[in-house]
Every structure is written in C-alpha cells, then in structure tokens.
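Comments concern the structure below.
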Amino acid sequence: MMQAVVDLPIWAAIIVSLFLLLGAGLTLVGAIGFLRLPSFYERLHAPALVTSWGVGAIMLASILYFSITQQRLVLHEILIGLFVTVTTPVTFMLLARAALHRDRVEGNPDVPAKAPD
C-alpha cells in the first residue's frame, strides 16, 4: 500500500523536487536551443545533449520518491532511462544522416562533400 504524499519526509521531498526541477530545466534548455538555433544540424544538437540528462534527473526523482513511499527499492525506472539513453542518439544520428543525404542530393553548398570510399 502506498503512503500519502504528505507522509514523505521533508528531506526526500526537497531532493525529489530538486531532481525534478533539474530535469525540467534541462528539458527547457533543449527546447529553447531547438527553437533558437538556425540550422537543422544545430537544432539536433541541443535536444540530443540534454535529453539523456533531463530524463536521468527525472528518473532519479521517481526512483527516490517511489522507493521511499513504497518502503522498498524501486528500480524499474532504470529501464526507461536505459531505453532513452540508447535510442535518442541513434534517432538523432539517423535524422542527421537523412538530412545530410537530402542536402547533398539538392546540391546545398554548405554541406561537406561525401568522403571518398
């Protein structure tokens, strides 16, 4: 049976809140970078860097909160963090390669030429 949120110790509530604020702040930085950076390639860079750290902070807050309220160690959030950490860079790399291929086909002069085989 889960305890009520009011039964959460103040030290744990502060730590959980700090992790949540850190994760939300990192996500906000990524979103602002996504909006403000000029090119597609630069726009990929900001969210790719902060996604893993933002999810990590929120994941730690969740682990701490549920471990304390359920009075047992809760670690299944680590799977979510693992999947995000593995899939985010791969997704952004595939998006960048597709955009690079598109720009080369269109003859964009700002894109480096394909390396010789």
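Surrounding CZ of F92 are more than 12 heavy atoms belonging to other residues, nucleotides or ligands, all under 6.0 Å away.
A chain of hydrophobic side-chain contacts below 4.5 Å, direct or via other Ile, Leu, Val, Met, Phe, Trp or Tyr residues, connects V74 to L64. A continuous path of Ile, Leu, Val, Met, Phe, Trp and Tyr side chains, each step under 4.5 Å between heavy atoms, connects L95 with V111, placing both in one hydrophobic cluster. Each of V55 and W53 belongs to its own hydrophobic cluster when Ile, Leu, Val, Met, Phe, Trp and Tyr are linked at side-chain heavy-atom distances under 4.5 angstrom. Under a hydrophobic-cluster definition in which Ile, Leu, Val, Met, Phe, Trp and Tyr are linked whenever side-chain heavy atoms come within less than 4.5 Å, directly or via other members, F34 and L26 are assigned to different clusters.
Here the straight-line distance linking atom CZ of R97 with atom CZ of R102 works out to 16.0 Å at 0.5 Å rounding. In this structure, CG in L20 is found 12.0 Å from CD1 in I15, a value given to the nearest 0.5 Å. Once rounded to the nearest 0.5 Å, the distance linking CD1 of I32 with OG1 of T27 reads 11.0 Å.
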So N108 and R104, side-chain contact (heavy atoms from CB on, under 4.5 Å) or not? Walk me through it.
-> CA-CA 6 Å; N108 187 344; R104 285 181 179 156; over 6 Å; no

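Checking side-chain atoms of Y65 against main-chain N and O of L8 turns up no donor-acceptor pair under 3.5 Å.
Between G30 and V50, the shortest heavy-atom contact is CA-CG2, 3.3 Å. Taking both residues in full, the closest heavy atoms of P89 and V84 are given as CD-O, 4.2 Å, listed atom of the first, atom of the second, then distance. When all heavy atoms of W11 and I68 are compared, the pair lying nearest together is CH2-CD1, 3.7 Å.
Remark: I63 pairs with M59, S67, L75, E77, I78 by the side chain to side chain contact (heavy atoms under 4.5 Å, CB included) rule, at least two apart or across chains. Residues meeting the side chain to side chain contact (heavy atoms under 4.5 Å, CB included) test with F83, sequence neighbours left out: L79.
Considering only heavy atoms from C-beta on, F40 stays 4.5 Å or farther from D103 through its side chain. Counting heavy atoms from C-beta on, the side chains of L94 and V90 come closer than 4.5 Å.
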